[in-house]
Amino acid sequence: SWITSMKIINVIKSVIVGVPIGITILDSVGYVARVDGISMQPALNPHQHTTDYVFLNRWSVKSYEIKRGDIISLISPKDPSQKIIKRVVGVQGDVIATLSYKSHVVKIPEGHCWVEGDHTGHSMDSNNFGPVSIGLITAKASCIVWPPSRWQFIQSCLPDSRVPLNLTSKSIL
């Protein structure tokens with residue numbers, strides 16, 4: 001009975017130490033999340049019957065150094081209880097030709113970025129709510145971890161049609 005009570009005490013000690021360490025790792029390093037919807041097709045969930053699970057790297061956004069083309073997770077500016085996943089199209093100082101926003105051209109203010117879903121017209125994004133504070137960014141999508149047929153690192157890339165106007169030779173300002 002003495003040995004049994006020592007085992008129980010050791011298990012309790014392990015839980016007391018292990019739970020905070022696990023929470024710290026999830027908070028600092030990252031976690032796996034399911035991608036819902038079609039807004040990021042074809043990069044994520046390319047087929048109707050496939051649901052991608054991605055590793056969301058929290059470490060990579062600690063310093064708020066995001067780049068154009070990164071796929072990020074952020075708190076929705078429309079519904080703070082919801083997280084959304086979008087591609088960064090513009091960073092502070094960029095001039096963006098919007099797709100359906102109230103202004104045809106927007107200059108991204110300091111501390112903000114412009115995010116869009118890859119599936120134009122099927123995404124609630126900056127074209128609906130404007131530039132997003134970088135403080136809402138929670139993680140960067142690093143790789144697809146499920147299903148196995150889709151295992152891959154996620155590359156940061158920006159379609160030529162979405163390059164900010166200040167980086168192109170054709171400016172409409």
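Everything numeric here is computed off the predicted structure, so don't read it as measured data.
- Under a cut-off of 6.0 angstrom, the local environment of CD in Glu110 is sparse, with at most 12 non-hydrogen atoms contributed by other residues, nucleotides or ligands.
- Residues Met40 and His122 fail the side-chain proximity criterion, which asks for heavy atoms closer than 4.5 Å.
- Side chain of Asn45 to main chain of Gly37: a donor-acceptor pair is present (N/O by atom type, distance under 3.5 Å, no hydrogens or angles).
- Here the closest non-hydrogen pair linking Ile134 and Ile66 is CG2-CD1, 4.4 Å.
- Counted by atom type alone, Ser156 and Asp70 present one or more donor-acceptor pairs between their side chains at under 3.5 Å.
- Using a 4.5 Å heavy-atom threshold, the side chains of Val95 and Val105 count as touching.
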Practice problem: For the pair Lys140 and Lys67, evaluate side-chain contact (heavy atoms from CB on, under 4.5 Å) and give the outcome as yes or no after the intermediate values. | Solution: CA-CA 10 Å; Lys140 176 182 169 186; Lys67 304 184 311 285; 4.0 Å; yes
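- Asp52 and Arg150 make their closest contact through OD2-NH2, 2.8 Å (heavy atoms, listed as atom of the first residue, atom of the second, distance).
- One distance of note links CD1 of Ile85 with CG of Leu74; it measures 9.0 Å at 0.5 Å rounding.
- A pairwise comparison of heavy atoms in Val88 and Leu158 identifies O-CD1, 3.7 Å as the closest pair.
- Nearest heavy-atom pair, Pro159 versus Arg87, reported as atom, atom and distance to 0.1 Å: CD-CD, 4.4 Å.
- Counting heavy atoms from C-beta outward, Leu99 and Tyr101 have side chains that stay 4.5 Å or more apart.
- A salt bridge links Arg34 to Asp36: one of the charged nitrogens lies within less than 4.0 Å of a carboxylate oxygen.
- One hydrophobic cluster holds both Val91 and Ile72 under the rule that ILVMFWY side chains link at heavy-atom gaps under 4.5 Å.
- Qualifying side-chain contact (heavy atoms from CB on, under 4.5 Å) partners for Pro148, counting only residues two or more places apart in sequence or in other chains: Trp146, Trp151.
- No side-chain N or O of Asp118 forms a donor-acceptor pair with one of Gln41 less than 3.5 Å apart.
- In this structure, a donor-acceptor pair under 3.5 Å is absent between the side chains of Lys83 and Thr138.
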Quiz item: Could you go step by step and tell me if Trp114 and Phe129 meet the ring pair (Phe, Tyr, Trp, His ring centres under 6.0 Å) rule?
Solution: CA-CA 10 Å; Trp114 189 268; Phe129 44 70; 8.4 Å; no
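- Residues Ile96 and Arg162 form a side-chain contact, since some pair of their non-hydrogen atoms from C-beta on lies under 4.5 Å apart.
- Taking OG of Ser126 as the start and NE2 of His112 as the end, the distance is 9.5 Å to the nearest 0.5 Å.
- For the pair Val54/Val32, no side-chain contact is recorded, criterion being any heavy-atom separation below 4.5 Å from C-beta on.
- Between Pro164 and Arg68, some side-chain heavy-atom pair lies under the 4.5 Å cut-off.
- Ile38 and Val115 sit in two unconnected hydrophobic clusters of ILVMFWY residues. Membership requires side-chain heavy atoms under 4.5 Å apart, directly or through other members.
- Using a 4.5 Å heavy-atom threshold, the side chains of Ile154 and Ile144 count as touching.
- Of all heavy-atom pairs between Gly117 and Asp125, the closest is N-OD2, 3.0 Å.
- Counting only distance, with no hydrogens or angles, the side chain of Ser76 and the backbone of Lys78 share a donor-acceptor pair below 3.5 Å.
- Salt bridge absent: Lys86 and Glu116 never bring a charged side-chain N and a carboxylate O closer than 4.0 Å.
- Side chains of Cys113 and Pro131 form no contact here, defined as non-hydrogen atoms less than 4.5 Å apart.
- Taking every heavy atom of both residues into account, Pro77 and Ile84 meet most closely at CD-CD1, 4.4 Å.
- When atom types are taken as modelled, the side chain of Gln92 and the backbone of Gly111 share a donor-acceptor pair closer than 3.5 angstrom.
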